[in-house]
Amino acid sequence: MRFLSTLFILLLTASLPFAQTPDPAVEKQKFVLLNNGATVGMVIKSVIKADTKRLSLTEQQVPKARQIITDATVKFNEGVRKLKASGMNQKKLRGLAVDVETGKLLAYKTILTPQQYSILLAQHKKLYPESKV
């Protein structure tokens, strides 16, 4: 369970940035891996809070980070739904997580300072050594 929680938090911080505002309906969707009724919006809030503390995000970085996290969360949520339909196993879930987290890391690079990015990159390499970053 701890692995999935860590994986989940890290997955929520990755995706490609888009200039659109998050759709409120998307944030109200239930997250497919959680059994406690958490919504995507609840997950996004917790990840933003953790990233703000861990990376010391500035006020200008928070909206961009929120969009990156929203996109990563939606991508992961949709990927898990597809995996459930086609037969999910630990290896496929891990592959999805690595893919989403790597995308998030690359998207974060555009908004973070080199010092913030190095913190994020070190954590990413520690959790996903198979990632090609």
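The residues of the chain are indexed from 1 along the displayed sequence.
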Please list, chain by chain and in numerical order, all residues satisfying side-chain contact (heavy atoms from CB on, under 4.5 Å) with Ser56, sequence neighbours excluded. none
Any Leu121 side-chain heavy atom under 4.5 Å of Tyr108 side chain: no
Could you grab the distance from atom OG1 of Thr58 to atom NZ of Lys64, nearest 0.5 Å is fine? 8.5 Å
Quick one: CZ on Arg66 to CG on Asp71, what's the gap to the nearest 0.5 Å? 12.5 Å
Within the 4.5 Å heavy-atom criterion, are Ile44 and Phe31 side-chain neighbours or not? no
In the structure I gave you, are the side-chain heavy atoms of Glu130 and Arg94 within less than 4.5 Å of one another anywhere? yes
Of all heavy-atom pairs linking Gln61 and Ile111, the shortest is NE2-O, 2.8 Å
With distance as the sole test, does Gln116 use its side chain to make a donor-acceptor pair with the main-chain N or O of Leu55 at under 3.5 Å? yes
If the condition is side-chain contact (heavy atoms from CB on, under 4.5 Å), which residues does Val32 pass it with, not counting sequence neighbours? Asn77, Val80, Arg81, Lys84
Taking the side chain as C-beta and beyond, is there a heavy-atom pair between Arg54 and Leu120 under 4.5 Å? yes
For Ser131, what residues pass the side-chain contact (heavy atoms from CB on, under 4.5 Å) criterion, not counting sequence neighbours? Val98, Thr102, His124, Tyr128, Val133
Sequence-distant partners of Thr39, side chain to side chain donor-acceptor pair (under 3.5 Å), two or more places apart: none
Side-chain touch Leu112/Leu57, heavy atoms, less than 4.5 angstrom: yes
Side chain to side chain donor-acceptor pair (under 3.5 Å) involving Glu59 - partner list, sequence neighbours excluded: none
Same hydrophobic cluster for Val62 and Met42, using side-chain heavy-atom links shorter than 4.5 Å among ILVMFWY? no
Holding to side-chain contact (heavy atoms from CB on, under 4.5 Å), I want the full list of residues that pass it with Lys92, two or more places apart in sequence or in another chain. Leu83, Asn89
Side chains of Gln67 and Thr70: is there a donor and an acceptor less than 3.5 Å apart? no
